[in-house]
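Data first, discussion second: the structure below is written as structure tokens.
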Amino acid sequence: MPEIRPTTPRETTRLAPSPTGALHLGNARTFLVNWAIARRNSWRVILRIEDLDGPRVRPDAIRGCMETLQWLGIDWDEGPIVQSEDLAPHLDAVRRLADSGHAYPCELTRTQIEEAASAPHAPEPGGPGGESRFPSSLRPGGLGPRAFADTGSNWRFATPDVEVSFHDRFAGAQRFRPAQTIGDFVIWTRRAQPAYQLAVVVDDDRQGVTQVVRGDDLLDSAARQLLLYRALGLGPEPTHTHLPLVVGPDGRRLAKRHGDTRLDAYRAAGVGRERVVGLLASWSGIIPRPEPMSPEEFARGFELSTMPRDRVTFTEEDDRWLRGVSGLSGLPSPSRRG
Ligand code: GLU
């Protein structure tokens with residue numbers, strides 16, 4: 001008699017840091033929330049190091065990134081899986097897309113694309129996230145099956161002109177039409193590497209990821225990724241949870257210009273992780289104002305339904321509270337929920 005296996009496999013999520021930028025308070029909050037949801041729901045957690053972007057990442061950057069996550073109290077069940085170490089499945093995917101007439105090589109430069117996108121009768125230039133839109137007029141005529149050859153040019157996905165709708169567990173109902181806003185996007189780069197959109201789909205699928213939790217700067221990418229799942233016949237498609245970003249007092253995404261908010265910098269200054277977790281807890285609807293907290297308490301207290309819907313603003317007062325120099329011991333600043 002064949003063995004009967006459980007029909008509902010365990011939900012799986014991934015923490016997918018890019019080890020190029022150090023972990024700061026903004027992405028730390030996303031990772032801590034992702035981890036807390038996973039632990040509360042007994043999801044499997046994979047650590048995936050996304051090292052395809054930019055120049056080769058040194059092994060000590062990867063170690064440093066893992067160490068900082070562990071310092072914060074985050075653990076995982078599998079990994080690290082280093083993305084660049086096995087590109088065979090990505091090559092196979094781009095081959096299949098080319099074979100089925102969904103992908104083509106493109107030698108056009110950014111300037112040529114931008115010029116075409118701003119021509120008099122071209123539709124709205126610029127997709128979400130400031131990416132330039134690739135106008136359909138630049139797509140080669142008579143798209144059909146072709147043999148993929150990795151010969152130093154970009155390969156683009158022939159984005160079908162359909163609406164993509166999905167339900168985001170935090171952001172709610174979503175509808176996008178990537179063909180209208182983004183057009184044909186790069187899936188394989190001239191540097192002989194898969195581009196982010198393809199890499200994430202191939203990896204999430206082969207690693208059995210069913211729950212994607214990440215910053216809402218990637219909300220519109222989810223639509224492109226779903227189109228790739230469909231063109232490749234992959235699935236089941238993951239459920240998405242996109243969380244608001246942390247911004248600086250100027251309303252822009254937390255970055256170097258807002259001072260050194262790297263976890264490593266606070267750690268080096270002697271700030272304990274209970275303070276960092278406590279600040280992130282006050283940003284995540286667990287407590288009204290920062291107070292020291294353990295990662296376990298964070299996981300116990302976190303509820304997606306009470307997570308603030310707006311972007312969180314990191315203020316100087318937050319920084320003073322972390323360093324323990326705030327006279328008012330961490331009263332929230334009025335602009336916090338900006
Ligand atoms: N590696 C990406 C980042 O650090 C995350 C990509 C994803 O979660 O799909 O922003």
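Computed from a predicted structure; not experimentally measured. Just follow the structure's listing: the first ligand is 1, and inside any ligand the first atom is 1.
- Nearest non-hydrogen protein atom to atom 4 (O) of ligand 1 is Ser18 OG, 3.1 Å.
- Numbered from 1 in the order shown, with element, the atoms of ligand 1 that lie under 4.0 Å from a heavy atom of Val200 read 9 (O).
- Look at Glu78 and Arg14 and you find no salt bridge, because none of the NZ, NE, NH1 or NH2 atoms lies under 4.0 Å from a carboxylate O.
- A salt bridge is defined here as a Lys NZ or Arg NE, NH1 or NH2 lying under 4.0 Å from an Asp or Glu carboxylate O, and Arg206 with Asp86 meets this definition.
- Checked by distance only, ligand 1 and Ala16 come closer than 3.5 Å through their nitrogen or oxygen atoms.
- A salt bridge is absent between Arg95 and Asp99; no separation between the charged side-chain nitrogens and carboxylate oxygens falls under 4.0 Å.
- Counting atoms of ligand 1 from 1 in the listed order, those under 4.0 Å from a heavy atom of Leu218 are 6 (C), 7 (C).
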(request) Report the C-alpha distance between His240 and Phe166 in whole Å, list the side-chain angles of each, state the deciding distance to 0.1 Å, and finish with yes or no for ring-ring contact (aromatic ring centres under 6.0 Å, His included). (result) CA-CA 8 Å; His240 291 97; Phe166 59 96; 5.4 Å; yes
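- In summary, Glu50 and Arg48 engage in a salt bridge, as defined by a charged side-chain N under 4.0 Å from a carboxylate O.
- Of all the atoms in ligand 1, the ones that sit under 4.0 Å from a non-hydrogen atom of Tyr196 are 6 (C), 7 (C), 9 (O).
- For ligand 1, the atoms sitting less than 4.0 Å from at least one non-hydrogen atom of Glu50 are 1 (N), 2 (C), 5 (C), 6 (C), numbered in the order shown with element in parentheses.
- Against a heavy-atom cut-off of under 4.0 Å, Arg214 is close to the following atoms of ligand 1: 7 (C), 8 (O), 9 (O).
- Annotation: side chain to side chain donor-acceptor pair (under 3.5 Å) contacts involving residues 146-158, sequence neighbours excluded, comprise Asp150-Trp188.
- At least one heavy atom of Arg14 sits less than 4.0 Å from an atom of ligand 1.
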